[in-house]
Amino acid sequence: MALDTAWVTAWINRSTEVISENRVALITLDRDIGDGDHGENMDRGFQAVSTKLDTLSPDATPGDALKLVATTLISTVGGAAGPLYGTAYLKAAAAVGSAPELDGAAIVALLTAARDGIVLRGKAESGDKTMVDAWTPAVEAAEIAQQAGSSEVEILAAAADAAEAGAVATEPLVARKGRASYLGERAIGHRDPGAQSSALLLRAAADTAAGE
Amino acid sequence: MALDTAWVTAWINRSTEVISENRVALITLDRDIGDGDHGENMDRGFQAVSTKLDTLSPDATPGDALKLVATTLISTVGGAAGPLYGTAYLKAAAAVGSAPELDGAAIVALLTAARDGIVLRGKAESGDKTMVDAWTPAVEAAEIAQQAGSSEVEILAAAADAAEAGAVATEPLVARKGRASYLGERAIGHRDPGAQSSALLLRAAADTAAGE
Amino acid sequence: MKKLINDPKNVVNEAVAGFEAAHPDLVRVSHDPIYIVRADAPVKGKVGIVSGGGSGHEPLHGGFVGSGMLDAAVPGPVFTSPTPDPILAATQAVDGGVGVLHIVKNYTGDVLNFETAADLAAAEGIDVRSVIVDDDVAVKDSLYTAGRRGVAGTVLVEKIAGAAAERGDDLDAVAAVATKVNSQVRSMGVALTPCVVPHAGEPSFTLADDEIEIGIGIHGEPGRERIRMEPADAIVDRILAPIIDDIPFASGDSVLLFVNGMGGTPQVELYIVFRRAAEVLAEKGITVTRTLVGNFTTSLEMQGASITVLKLDDELTALWDAPVHTAALRWGK
Amino acid sequence: MKKLINDPKNVVNEAVAGFEAAHPDLVRVSHDPIYIVRADAPVKGKVGIVSGGGSGHEPLHGGFVGSGMLDAAVPGPVFTSPTPDPILAATQAVDGGVGVLHIVKNYTGDVLNFETAADLAAAEGIDVRSVIVDDDVAVKDSLYTAGRRGVAGTVLVEKIAGAAAERGDDLDAVAAVATKVNSQVRSMGVALTPCVVPHAGEPSFTLADDEIEIGIGIHGEPGRERIRMEPADAIVDRILAPIIDDIPFASGDSVLLFVNGMGGTPQVELYIVFRRAAEVLAEKGITVTRTLVGNFTTSLEMQGASITVLKLDDELTALWDAPVHTAALRWGK
Ligand SMILES: Nc1ncnc2c1ncn2[C@@H]1O[C@H](COP(=O)(O)OP(=O)(O)O)[C@@H](O)[C@H]1O
Ligand SMILES: Nc1ncnc2c1ncn2[C@@H]1O[C@H](COP(=O)(O)OP(=O)(O)O)[C@@H](O)[C@H]1O
Ligand SMILES: [Mg+2]
Ligand SMILES: [Mg+2]
Ligand SMILES: [Mg+2]
Ligand SMILES: [Mg+2]
């Protein structure tokens, strides 16, 4: 069962919910090793996205919906996360083109393009303790699942599991990008807020695909 | 046994001690209903007086010693207490003139002049919750004791007792002069810091006269 | 207590030394007794203006020494009036032969110490006039108090009197304009947090996490009432009303609106306060034609703000606009 | 959390509205998207200068909009970089036809958002150049960090670049002088207390009663080390040494010494810090020829200070001395 625009909008709505629910948790993570605004920034952005969603035309493609997310996040989130997530959704939109439905290969392409967009803008490598550390394992897990012939739902679930594990795995790291890099050894023991929000977004993708 | 310059210098030295010991207590009282500097101001002043005492000539009269206290307090205490106490000692010095020794009448004159000096500068009346509420009962008690034929030591002890009672009696009052007057009803329940320091100074006078 | 200080006893000494090092073009400093005079003092033929009071309210008064404002500032210990000696010395140092005006905030200590200094200066042949500033409407001006306190309105008195002296007004005229400003200016403040006097080492009062003090004095003296925390707009309405009612300011008036930070207030908050105050004045038909926003009369690190409104006329406006060159207020040159 | 605010979401909106009401002679304000431009923008034939970043550092940047300094400031939410939209709009609003310089503090968010805005402006045919400010020696400039942060030195870059633009330098020249100032300025700060971001409602970090944070960032990001409270002179020695060693400043140099308050620091403390810093520089044979003391790059109500040293030459000195007329910095007119 390929995923269509209804899934993308469900994903967006669920993302808005979980970001709002996790607003304080993300602020707390960012307060520990950053400047305490990540939850606020993401929440402001997704609230705006969910308002903008009403303007989406009924015959919009998944790519159209993703592009709307991208431009709205770029113009409302600010901070580091705004341009990074904005670029991720922009590249994801480009990767899926005008396809009305997304099969497993398209989902993998979407995730890969999103991750590549983040790396293009932020120049972070794996292990730098950033959102990349959630996205790269997610992309890899999605690829493996797709090559093993998994369904779209299974691919997204594998990606979400890997992103969550990746977010947890940022805890022992020293940061080399973003504000946490100023902290040196003191960042050890804290989870990266951007990796955590990435895991939340990918879990929202998987859950909505599974119809949960 | 009339009191001489040795007594005045003993009184001054004891005053320096008790003010220093009560520095924090006076700050606390002033913090409650003023600006928290009375202990600091008085301590700075008496430290300066005790240093200046070395410059007193060996044949100085009690009046000379009191005048030295006056000018030193005026130029080191600041705030409201500086000019008020300064004037008190200045008028006290004038009242005892160049007498080498002070009998009971002279002690009463000294105390009366001091109180009158404070009233002259500060225009406070009894019950305004100021240092006057320690000095006026002290003057009255001293007069009564002197008329009853008490010794200088007894006169000063009566003054000190009355001053202490007067300081305590400021507690239920609303202030009508000084910073505490801004507080209205909220000053009730707090002892006036200047009345308290006055009681300390008069107790020092009595104790040193008694040779304690 | 955490402060960027060395020995608490040296706070004023060292701050004044730093001020001297930072502004050698503007001021000269006497270290014993402590006072600050403008670099070119005494200015022959000009009325000298001296102000002062306890330290801890900076930039008041040292930050206002310079051409077009004060000739001298006399900083006492923190929150404690200076003694007469430095006031006298400063008065002598700025006497340009045509008299000196003392601008004194209405606190018993300041009034008494300046009074003594004025007497001593008069004995030295200097013509001294004093103007007492008492702009704080939080305190009732009655026989049963020490009278209203002098707070942030002092800055406006000093600026305008300074301009009058600079343009050559004689002592009577300078004193008259200072008196006029004082009669037309009213202020009231609010504290969110207390301040800590260095030698005391403990907060001068306490406020619960949801309490604020309306009508606070600039030494942390309690105000009119202690209330629950409210939104900024409600607080502004609360402290602006007694100001507007007091003079009374009337529709059609032109005013200077001055929002003053108490020392520890972020600037965004001062502008949020300004926004609402301007709105309320506009609603009453009062036109804000001059403005001032910032930390000008502080209480160490206290968080909070005060609002000051000065009724303007053409003369006061022109004197406000006249050039001033001090560490804290500068324009026109 | 007690703050003079209404809804935390409206802090920036309302503060900007207050700023507009307080300084109508200096600035015009766009409310959607939010940016502040000088009243006479765009100035034809003059290079436009735009800066911006998260709010909470006031007067940086809005307080520096006016003749001789910034043409526009773009305030983001508190401590959060603005998005590209307002940066683009501000860039367009100040384009006088000869290009626009973006002055950007080196934080990932600011750099990325200004980068996007610059790309969009270029697509609209505006010649945009960017200078990244990274003066904070508390952070190592290595491949393993996001690089040094931009802190109070930004004020000096903005003033001097602004003066170069005002005298008619072209875009290359203005960018070159901004780059030069950045290469010759170094800063480091200390925090005694944390700050509270309005939407977070809790302190951004905690410090024990006897702890201070050396090398603090202006968003409350932790610094180099957390140590026991020390006397001011010892703290100054500690934060000045890495500054002097970094460039390296040498005996015989002339410098501008800038002591910046973090927002909640009493002014006496800033002058105590200045006094010691000037002393240490003098001991090293470095001559302080220009000075600045005050709250210019703040972190809301944080208590603490930073020291900035800029190596001067005749050109930079002349540009520093050039007239400036903004809400927070004004001289020469
Ligand atoms: N160069 C980078 N590459 C990838 N991700 C980054 C980079 N810099 C920061 N991030 C991510 O951004 C998150 C912080 O976002 P946010 O708090 O919204 O922005 P800011 O740091 O500007 O306050 C970090 O937790 C990290 O995951
Ligand atoms: N007008 C007055 N007459 C008499 N005593 C006064 C008057 N005003 C203030 N005082 C006394 O001064 C004391 C405060 O002194 P102090 O704290 O040193 O000065 P300040 O109020 O200037 O800080 C009060 O407790 C009160 O006893
Ligand atoms: Mg952040
Ligand atoms: Mg007191
Ligand atoms: Mg006092
Ligand atoms: Mg941020």
Side-chain angles (χ1 to χ4, degrees), chain B residues 23-24 26-28 30-45 47-48 70-87 90 118 120-125 127-131 174-187 190 194, chain C residues 8-9 33 53-54 56 74 76-88 107-117 120 136 138-140 142-149 194-206 215-226 299:
Chain B
R23 178 179 163 276
V24 173
L26 294 171
I27 284 176
T28 306
D30 196 32
R31 201 183 307 125
D32 287 343
I33 57 169
D35 60 352
D37 60 0
H38 187 59
E40 178 73 12
N41 297 346
M42 294 298 287
D43 189 36
R44 183 175 53 243
Q47 295 298 337
T71 53
T72 309
L73 292 183
I74 289 175
S75 64
T76 57
V77 174
L84 292 169
Y85 275 124
T87 306
L90 206 57
I118 293 168
L120 178 79
R121 290 309 301 272
K123 319 240 157 25
E125 295 173 17
D128 282 358
K129 195 171 184 130
T130 70
M131 52 176 74
V174 167
R176 285 192 293 249
K177 283 279 182 273
R179 276 175 214 286
S181 70
Y182 309 138
L183 272 167
E185 309 272 303
R186 287 205 266 172
H190 297 279
Chain C
K9 294 214 183 304
V74 188
V78 174
F79 287 4
T80 299
S81 163
T83 64
D85 308 19
I87 304 173
L88 171 62
Y107 299 95
T108 308
D110 293 82
V111 171
L112 294 180
N113 285 287
F114 269 89
E115 202 171 275
T116 305
L120 295 170
D136 184 1
V139 172
K140 278 205 225 79
S142 85
L143 284 177
Y144 305 108
T145 68
R148 286 200 313 247
R149 301 173 292 212
C195 54
V196 180
V197 178
H199 59 71
E202 274 177 64
S204 44
F205 56 101
T206 50
I216 191 80
I218 58 171
H219 310 87
E221 309 97 324
R224 280 199 173 189
E225 47 174 351
R226 187 164 288 196
S299 298

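The closest side-chain heavy-atom distance from C/Tyr107 to C/Arg149 is below 4.5 Å. Within the 4.5 Å cutoff, the side chain of C/Lys9 has heavy atoms near those of the B/Glu40 side chain. Contact of the B/Ile33 side chain with the B/Arg179 side chain is not registered, since no non-hydrogen atoms from C-beta on lie closer than 4.5 Å.
In terms of heavy-atom pairs under 4.5 Å with chain B, the best-connected choice from C/Thr108, C/Val78, C/Leu112 is C/Leu112. Of the listed residues (B/Gly86, B/Ala80, B/Gly122, B/Gly36), the one with the most heavy-atom contacts under 4.5 Å to chain C is B/Ala80. The residue among B/Gly178, B/Gly34, B/Ala124, B/Gly39 with the most heavy atom pairs within less than 4.5 Å of chain C is B/Gly178. Interface check for chain B: of the options C/Ser81, C/Gly76, C/Gly217, C/Ala138, the most heavy-atom pairs under 4.5 Å are formed by C/Ser81.
Using a 4.5 Å cut-off between heavy atoms, B/Asp37 touches chain C through backbone and side chain atoms alike. Only the side chain of C/Asp85 comes within less than 4.5 Å of a heavy atom of chain B; its backbone N, CA, C and O stay farther away. Interface residue C/Pro84: backbone and side-chain heavy atoms are both found under 4.5 Å from chain B. Looking at B/Ile74, both its backbone and its side chain come within 4.5 Å of chain C, counting heavy atoms on both sides. At a 4.5 Å heavy-atom cutoff, the contact between C/Pro203 and chain B is made by backbone atoms alone. Interface remark: B/Thr87 contributes no atoms to any contact with chain C (heavy atom separation under 4.5 Å). Within the 4.5 angstrom heavy-atom criterion, only side-chain atoms of B/Arg186, from C-beta onward, approach chain C. Neither the backbone nor the side chain of B/Val24 has a heavy atom closer than 4.5 Å to any heavy atom of chain C.
For B/Asp30 (side chain) and B/His38 (main-chain N/O), a donor-acceptor pair under 3.5 Å exists by modelled atom type.
Under the 4.0 Å criterion applied to side-chain N and carboxylate O atoms, B/Arg176 and B/Glu125 are not assigned as salt-bridge partners.
A perpendicular orientation is assigned to the rings of C/His219 and C/Phe79, their planes being inclined by more than 60° (bins at 30° and 60°).
Of the inter-residue distances, the one linking C/Asn113 atom CG with C/Leu88 atom CG reads 12.0 Å to the nearest 0.5 angstrom. From C/Leu120, atom CG reaches atom CD of C/Glu115 across 11.0 Å, with rounding to the nearest 0.5 Å.
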